[in-house]
Amino acid sequence: MIGRCPPAESRSHAFILFRRFPPKAPMSDLFATIRQSVLTAVNAAVPGLPPEIAARVEVTTTRDPAHGDMATNAAMVCAKAARLPPAKLAATIAEALRADPAIAEASVAGPGFVNLRLDPGVFRAIVPAILAAGEAFGDATTGTGTRVNVEYVSANPTGPMHIGHCRGAVVGDALANLLAKAGFEVVKEYYINDAGAQVTALAWAAYWRYLQAIGTPMTEEAFAAAVPGGLQYGGDYLVPIGEALARDHGEALAGPHRTIAEGTQMWLDTVRDFTIDAMMRAIREDLALLGVHPDVYSSERAMVASGAVDAVIGKLHTDGLIYDGVLEPPKGKTPDDWEPRPQTLFRATNFGDDVDRPLRKSDGSNTYFANDIAYHNDKISRKFDILIDVLGADHGGYVPRMKAAVRAVSHDSTKFEAVLCQIVHIVRGGQPVRMSKRAGTYVALRDLLEEVGRDAVRFTMLFRKADAQMEFDLDQAIAQTRENPAFYVQYAHARCRSVLRMALETLPAAELTSEALARVPLDNLTDDADTALLRRLATWPRTVEAAAIAREPHRIAFFLYDLAGDFHMLWNRGRDDSTLRFLQAGKPEETRARLALVAATAIVIRSGLRVMGVEPVEEMR
RNA sequence: GCGCCCUUAGCUCAGGUGGAUAGAGCAACAGCCUUCUAAGCUGUGGGUCGCUGGUUCGAGUCCAGCAGGGCGCGCCA
């Protein structure tokens, strides 16, 4: 039904519909393992414990290492069902857990926590597990068997990409990667809004440049006065398109008298097609520079032409969800030109929206919403379980009606979710960098990438919650210091790789493969900094899972920042205490143990950066 | 007027869906560079989590109200 443009550049993966990571390695989440032990103990202490209560049992890290390695709320959660005071139940659970060889110590604390200290070997075992699984370590099965479509960017093809598009592009891309790592079958999709009045205005603007190119210039004012809607896209980027039109068509598009009204229909389609193609090429290039490569491009115009919109409206009509009616004006804010008007309406209120929503404009054409229903219906027909739209926060009011539409069209079989991205304010040295669409001084994505670099752009965009406003400090994004999280994390990876390279000078390569390092005894990893790093590595699988469930890729960025901090800390400890250095002259056994930890750290950093679409660099220059 | 999002250290922001004494970076203060990479490191100070109530063993987190900021509110996308 929908037109899918072939990718501009031939990339093999553009045709891979589903991204999958290798199958999950067994027993990757230490917390899940320990939680099982806790549940076993709880079920023994409280026979017949309802499953919904057991589901609330958590095993978490402790905030304070003095409390042990992990803590569980089991006794407090189950106390009521057990008809026991939390402390007493906790004591019973703790007693049972002491029998577990993985648990070195179990004690009752506070209002009924059970604090657990694990056998040190349990944490160390995370290292060979990582080395064996490689970057697949942390893959989850949360999404196994669930098909997700992530639609993002979806900019109007009316100009090059600018900073306003960037956050959604990066967040959507990373979210899709994250969901894939959590086991979902994911399609990345770009919806080309090439059907509305915007692209007609674009065609007019390109035509203006065309007239200039063939030597019939009109002033901006004269042209704006002569065309419907005025000149909406005055940016220079259309100059080459006007020139290209002139090359291809000579003066044929201008008509004998070269007036605007003359022969409009003749050239409008030609110019529009040509311009949209050129814009989409530019957008794809910009996206590629940002590291974004959608699997599927869907064209709104092709979809409309296919009759899909009328079809879906017909379907809704059959279901009794369409009627002609008159909407009330919004209370407290009646537009000046308000007049009651019968419209074709969709019963969105049947599905939780505030008001029913119009599907046709007064001129009989479809609203954007009508087209979007058809588009989402197309996605539904492609058998997704979940549709996720990554949208700008200014589309927040649009979400309930889209949710209603997806419920209606899919008969509740498909879930619709929206991830909203707030505005990004660009600042330099604390001063805002002003942007104005009218003046054409939007910060172009390409300029931003040139100045800051792809990795720093992506990392910075992901180093905040998507729905929080963000200040993007250009100086900070370029800085080669800890202030710049992209640098800080990449530097940690580069340090890992650097140590491993250097190790090759004293140890045979065969002893430094993942397989060889996975067999090394790790008993000498006893420093607090070692332990902190091991503990952090152990939380990677649950971080992935929780971030995927919450649809929050920024958690990956924060995890990596913390992990890098742990690694740098350990590195720096080697300055004061030479026995903590990774390369120990004359002590190959200890060196290999430390290198195993380093190699595991590098793998997890790489795996996290991969989700974010940031390059794990081998060295810093 | 209504709806959604937001309000956490001087600044920029986390806070894993209700857990223990609320964290990080920057800035400030005090120390530290002959070193596997000082592109820094260690330590200290810094808080009525906007305000007021409520729910319960327990609230930054959930609920209600209020104040302040952002976004949206029929034929824009």
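Every chain is numbered from 1 and lettered A, B, ... according to where its sequence line falls, protein lines coming before strand lines.
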Distance only, no hydrogens: is a donor on one side chain within 3.5 Å (strictly under) of an acceptor on the other, for [X] and [Y]?
X: Thr543(A); Y: Arg555(A); answer: no
X: Asn115(A); Y: Ser107(A); answer: no
X: Asn193(A); Y: Gln198(A); answer: no
X: Asp389(A); Y: His376(A); answer: yes

Which value, in whole Å, describes the distance between the [atom1] atoms of nucleotides [N] and [M]?
N: C29(B); M: G45(B); atom1: C1'; result: 7 Å
N: U12(B); M: U8(B); atom1: P; result: 8 Å
N: C4(B); M: G65(B); atom1: P; result: 10 Å
N: C11(B); M: U55(B); atom1: P; result: 34 Å
N: C36(B); M: G23(B); atom1: C1'; result: 31 Å
N: C26(B); M: A67(B); atom1: C1'; result: 30 Å

### Query
Rounded to the nearest Å, what distance is computed from the OH atom of residue Tyr561(A) to the P atom of nucleotide U12(B)?
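So the two atoms are 17 Å apart, to the nearest Å.
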### Task
Could you check how far CD of Gln480(A) sits from P of G25(B), rounded to whole Å?
19 Å
### Task
Sort by first number and list every stem of RNA chain B: at least 3 consecutive Watson-Crick or G-U wobble pairs, both distances under 3.5 Å.
B:1-7 with B:67-73, B:10-13 with B:23-26, B:28-32 with B:40-44, B:50-54 with B:62-66
[X] side-chain proximity, nearest of [options]:
X: Arg555(A); options: A38(B), G16(B), U17(B); answer: G16(B)
X: Asp394(A); options: C76(B), C71(B), U17(B); answer: C71(B)
X: Arg495(A); options: A38(B), U17(B), A20(B); answer: A38(B)
X: Met502(A); options: C36(B), A77(B), A39(B); answer: C36(B)
X: Pro111(A); options: U37(B), G16(B), G19(B); answer: G19(B)
X: Asn572(A); options: C41(B), G16(B), A20(B); answer: C41(B)

### Task
Classify the nucleic acid contact of Phe582(A) as base, sugar-phosphate or nothing, counting any heavy atom under 4.0 Å across all strands shown.
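Here Phe582(A) touches the bases of the nucleic acid.
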### Query
With a distance cut-off below 6.0 Å to the six-membered ring centre and an angular limit of 45° from the axis, does Arg357(A) pair with Phe369(A) as a cation-pi contact?
no
#### Entry: Lys379(A)/Glu189(A) salt bridge by N-O under 4.0 Å criterion
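Looking at Lys379(A) together with Glu189(A), the answer is no, because their closest N to O distance does not fall below 4.0 Å.
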### Query
Do Tyr398(A) and Phe416(A) have ring centroids that are under 6.0 Å from one another?
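When the ring centroids of Phe416(A) and Tyr398(A) are compared, they turn out to be at least 6.0 Å apart.
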### Query
How do Phe463(A) and Tyr491(A) order along RNA chain B: which one's closest nucleotide is nearer the 5' end?
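Residue closer to the 5' terminus by nearest nucleotide: Phe463(A).
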### Task
Please lay out, stage by stage, how Lys403(A) and Asp353(A) fare under the test salt bridge (charged side-chain N to carboxylate O under 4.0 Å, His left out).
CA-CA 8 Å; Lys403(A) 187 172 280 193; Asp353(A) 199 1; over 6 Å; no
### Aro-ring/base stack Phe113(A)-A20(B), d under 5.5 Å, angle under 30°
yes
### Query
Stacking check: are the rings of His395(A) and G72(B) less than 5.5 Å apart at their centres and under 30 degrees in tilt?
no
